[in-house]
Amino acid sequence: MPIATTNPATGQLLKSYDPMSDAQVDAAIERADLAFRELRRSTTIAERGRWLTAAADLLDAERDDTARLMTTEMGKTYTAAKAEVTKCAAACRFYADHAARMLADEPADAGAVKAIRAFVRYQPIGPVLAVMPWNFPLWQVMRFAAPALMAGNTGLLKHASNVPQTALYLEDVFRRAGFGEGAFSTLLVGSDAVDRILSDPRVRAATLTGSERAGRSIAQIAGRELKKVVLELGGSDPFVVMPSADVERAAEVATTARCQNNGQSCIAAKRFIVHTDVFDAFAERFVANMAALRVGDPMDSATDVGPLASSGGRDEVHAQVRDAAEKGAAVLCGGEKPAGDGWFYPPTVVTDLRPGMRMWSEEVFGPVAGLYRVSSYDEAIEVANGTAFGLGANAWTTDPAEQERFATDLDAGNVFVNGMTTSYPELPFGGVKNSGYGRELSALGMREFCNIKTVWVGKGEASAGAGAHAE
């Protein structure tokens, strides 16, 4: 895949880049390693916090131009792009304000371990490779970069090949904010370079957000090299609606949850599982809401859904819809590729889905919803959990007992009750099953790329230690 900006709304190639040579990549890794040593030896959390706050200030000041760039590169609406920039600035400030607490030494029970002092210390591990996707080109990177830099690590970004200008902008922001040369570097390379980069002994870990296939590949490399990796992979998130729910509100949120980011979000609700008692009422409102969304120029503030990011992505979504329809599913709205320039696809609702249809088991990365009817709580859980994925899940019920059961029974890394799944710097984010492992965000995300070091201090007397039973 070429490293290039192609406007999804027009299909026009705007700018392309030559991939970096092996020598250029090696030089970037060396700078990252040297920068890590400098950050660890010569900077404090307070200093890094000031730089991260400066990065937030730059993001806020340059929000409109940065949002326009993201819209041009991957097609999200300009309104959504501006919100993404603002969210990134807020995350920078969150970690600048709270990293000292998150990284503070944690005292242990010294007496229980026969010490005069015992504690856990969190220290950075070195350069971390981030392999990131195009769908949230700023936020996906920032939720790794902000905590990693605050902890004292350095970052090497291999971004998606269709958002190179956003990737270069991120490097520039951190440099202008005050982080030293090499603290955060963008590598303009293809996926074939990842093995070589992660195999370099100076690179200590990796994080990837992407497909199952990409996750398996990078996990295999990391396993071979004995390096830690955090994976956030796909999702086919359930959105369960029970009889006690506010059906009108659920249908409204469902529309946003499915079509956010033009339907291209791992945590977008994709399978709408509705109890038969409220199925017809929900389906009527949901289909009407989806059909009413305006598809068009993503720079127009009146647009609800812009183009998909690539021609191939649109072809894949349409193939999944056609497969279901040809096997007996009912398409309640949408389902046809529009004529004209750009990679647009209409909001679509498909029901009567069954095993054997691609939509039953695959993630659909576009504004297409699967609608399922169930007759009980147990059946809702069975359908919701009947997928290889486990990233996010939504449940709509005003019954406190059901809320508690959903929180326990849904197989997902994130469960949102009476609300839309989203990510917050304050809360850990990640999945289970084929949606990956490890966590981003919160203190847990920051510590993923730390050496969690046990420190034990004794009296210095022979009898004070653990004795022969050292392990």
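For clarity, every value in this text was computed on a predicted model and none was experimentally measured. If you read the sequence from its start, that first residue is 1, and numbering goes on from there.
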Worksheet item: In terms of the angle between their ring planes, are Phe174 and Phe184 parallel, tilted or perpendicular, with boundaries placed at 30° and 60°?
Response: tilted

Worksheet item: Going by heavy atoms in the side chains, are Asn418 and Gln403 under 4.5 Å from each other?
Response: yes

Practice prompt. Give a yes or no on whether a salt bridge exists between Arg63 and Asp60, defined as a side-chain N under 4.0 angstrom from a carboxylate O.
Written response: no

Practice prompt. Could you check if a side-chain atom of Ile221 sits within less than 4.5 angstrom of a side-chain atom of Ser199, using non-hydrogen atoms only?
Written response: yes

Worksheet item: Taking Thr303 for the side chain and Met299 for the main chain, is one N or O donor matched with an acceptor at less than 3.5 Å?
Response: no

Item to complete: Determine whether the side chains of Gln264 and Asn135 contain a donor N or O and an acceptor N or O closer than 3.5 Å.
Response: no

Worksheet entry | Contact list for residues 110-139, test ring pair (Phe, Tyr, Trp, His ring centres under 6.0 Å), sequence neighbours left out | Trp134-Phe365

Worksheet entry | CZ on Arg48 to CG on Leu103, rounded to 0.5 Å | 7.5 Å

Fill in: Nearest heavy-atom neighbours spanning Pro346 and Pro338
CD-CD, 4.1 Å

Worksheet item: What's the shortest heavy-atom distance between Leu170 and Pro137, and which atoms?
Response: CD1-O, 3.9 Å

Discussion item. Pair Asn385, Leu410 - check side-chain contact (heavy atoms from CB on, under 4.5 Å), show working.
Written reply: CA-CA 6 Å; Asn385 290 343; Leu410 286 167; 4.1 Å; yes

Worksheet item: Is Thr71 reaching over with its side chain to a backbone N or O of Lys76, donor-acceptor style, under 3.5 angstrom?
Response: yes

Worksheet item: How far does OG1 of Thr6 sit from NZ of Lys15, to the nearest 0.5 angstrom?
Response: 13.0 Å

Worksheet item: Would Glu232 and Arg143 count as a side-chain contact (heavy atoms from CB on, under 4.5 Å) if you check the C-alpha gap in whole Å, the side-chain angles of each, and the deciding distance to 0.1 Å?
Response: CA-CA 12 Å; Glu232 192 263 277; Arg143 68 191 196 193; 2.5 Å; yes

Fill in: Heavy-atom pair with the smallest gap, counting every atom of Trp456 and Ala115
NE1-CB, 3.3 Å

Item to complete: Could you tell me whether Arg258 and Asp237 have a side-chain N and a carboxylate O separated by less than 4.0 Å?
Response: no

Worksheet item: More than 12 heavy atoms of other residues, nucleotides or ligands under 6.0 Å from CZ of Arg37: is that the case?
Response: no

Practice prompt. Decide yes or no on side-chain hydrogen bond (donor to acceptor under 3.5 Å, both in side chains) for Asn394 and Thr421, but give the supporting numbers first.
Written response: CA-CA 7 Å; Asn394 307 259; Thr421 304; 3.2 Å; yes

Worksheet item: What's the spacing between Met102 CE and Cys450 SG if we round to 0.5 Å?
Response: 11.0 Å

Practice prompt. Could you check if a side-chain atom of His159 sits within less than 4.5 angstrom of a side-chain atom of Gln140, using non-hydrogen atoms only?
Written response: no

Worksheet item: With a 4.5 Å heavy-atom cut-off, do Arg204 and Val128 have their side chains touching?
Response: no

Item to complete: Using atom types as modelled and distance alone, determine if a side-chain donor or acceptor of Asn153 lies under 3.5 Å from a backbone N or O of Phe449.
Response: yes

Practice prompt. In sequence, state the C-alpha distance, the side-chain angles, and the governing distance for Thr154 and Arg31, and then conclude on side-chain hydrogen bond (donor to acceptor under 3.5 Å, both in side chains).
Written response: CA-CA 10 Å; Thr154 55; Arg31 288 193 297 271; over 6 Å; no

Worksheet item: Which value, rounded to the nearest 0.5 Å, describes the distance between Arg314 atom CZ and Lys337 atom NZ?
Response: 5.0 Å

Worksheet item: Would you say Glu73's side chain and Thr166's backbone share a donor-acceptor pair under 3.5 angstrom?
Response: yes

Fill in: Verdict with supporting geometry, Arg439 and Glu448, salt bridge (Lys or Arg N to Asp or Glu O under 4.0 Å)
CA-CA 7 Å; Arg439 290 295 180 265; Glu448 287 281 10; over 6 Å; no

Discussion item. Can a donor-acceptor pair be found, under 3.5 Å and without considering hydrogens, that links the side chain of Asn262 to the backbone of Gly306?
Written reply: yes

Discussion item. Donor-acceptor pair, distance only, cut-off 3.5 Å: does the side chain of Asn414 make one with the backbone of Ala393?
Written reply: no

Worksheet item: With respect to His318, which candidate in Tyr345, Trp343, Phe344 satisfies the ring-ring contact (aromatic ring centres under 6.0 Å, His included) definition?
Response: Tyr345

Worksheet item: Hey, what do you get for OH (Tyr95) to OG1 (Thr53), rounding to the nearest 0.5 Å?
Response: 14.0 Å

Worksheet item: Hey, are Asp105 and Arg121 close enough for a salt bridge, meaning a charged N less than 4.0 Å from a carboxylate O?
Response: yes

Item to complete: Would you check, one step at a time, whether the test side-chain contact (heavy atoms from CB on, under 4.5 Å) holds for Cys92 with Leu59?
Response: CA-CA 10 Å; Cys92 287; Leu59 288 167; 4.3 Å; yes

Discussion item. Check whether Ser435 reaches the backbone of Phe389 with its side chain - one donor and one acceptor, N or O, closer than 3.5 Å.
Written reply: no

Worksheet item: With distance as the sole test, does Arg447 use its side chain to make a donor-acceptor pair with the main-chain N or O of Ile452 at under 3.5 Å?
Response: no

Practice prompt. Can you see which heavy atom on Leu39 is nearest to which on Thr43, and at what distance?
Written response: O-OG1, 2.6 Å

Fill in: Greater than 12 external heavy atoms within 6.0 Å of Gln220's CD
no

Fill in: Atom pair CZ/OG1 of Phe429 and Thr209 - distance to nearest 0.5 Å
8.0 Å

Worksheet item: Between Val173 and Met142, does a side-chain contact (heavy atoms from CB on, under 4.5 Å) hold up when you go through it step by step?
Response: CA-CA 11 Å; Val173 163; Met142 193 59 71; 5.8 Å; no

Worksheet entry | Pair Arg175-Asp172, salt bridge (Lys or Arg N to Asp or Glu O under 4.0 Å): steps then yes or no | CA-CA 5 Å; Arg175 178 186 57 78; Asp172 184 58; 2.3 Å; yes

Worksheet item: Any salt bridge between Asp26 and Arg196, counting N to O under 4.0 Å?
Response: yes

Worksheet, complete the sentence: In short, Gly49 meets Ala96 closest at the heavy-atom pair O-CB, 3.5 Å

Worksheet item: Does a sphere of radius 6.0 Å around CD in Glu426 hold more than 12 heavy atoms from other residues, nucleotides or ligands, not counting ones at 6.0 Å or beyond?
Response: yes

Worksheet, complete the sentence: For Pro367 and Cys259, the nearest pair of non-hydrogen atoms, with its separation, is CB-SG, 3.9 Å

Fill in: Donor-acceptor contact below 3.5 Å, side chain Lys227 vs main chain Val203
yes

Practice prompt. Verify the neighbour count for atom CZ of Arg41: are there more than 12 heavy atoms of other residues, nucleotides or ligands below 6.0 Å?
Written response: yes

Worksheet item: Could Arg249 and Glu252 be called an ion pair, given the rule that one side-chain N must be under 4.0 Å from one carboxylate O?
Response: yes

Practice prompt. Start with the C-alpha gap between Lys433 and Thr387, add the side-chain angles, then the distance that decides, and say whether side-chain hydrogen bond (donor to acceptor under 3.5 Å, both in side chains) holds.
Written response: CA-CA 9 Å; Lys433 301 194 291 188; Thr387 173; over 6 Å; no

Practice prompt. State, with a plain yes or no, whether a side-chain heavy atom of Leu188 is found less than 4.5 Å away from one of Leu168.
Written response: yes

Item to complete: May I ask you to test the Asp200-Val25 pair for a side-chain heavy-atom distance under 4.5 Å?
Response: no

Discussion item. Filter on ring pair (Phe, Tyr, Trp, His ring centres under 6.0 Å), then keep only pairs touching residues 210-239, sequence neighbours left out; what's left?
Written reply: Phe239-Phe272, Phe239-Trp396

Fill in: Option among Glu62, Glu171, Glu181 that satisfies the salt bridge (charged side-chain N to carboxylate O under 4.0 Å, His left out) test with Arg176
Glu62

Worksheet item: Strictly by modelled atom types, are Asp341 and Thr10 linked by a side-chain donor-acceptor pair under 3.5 Å?
Response: no

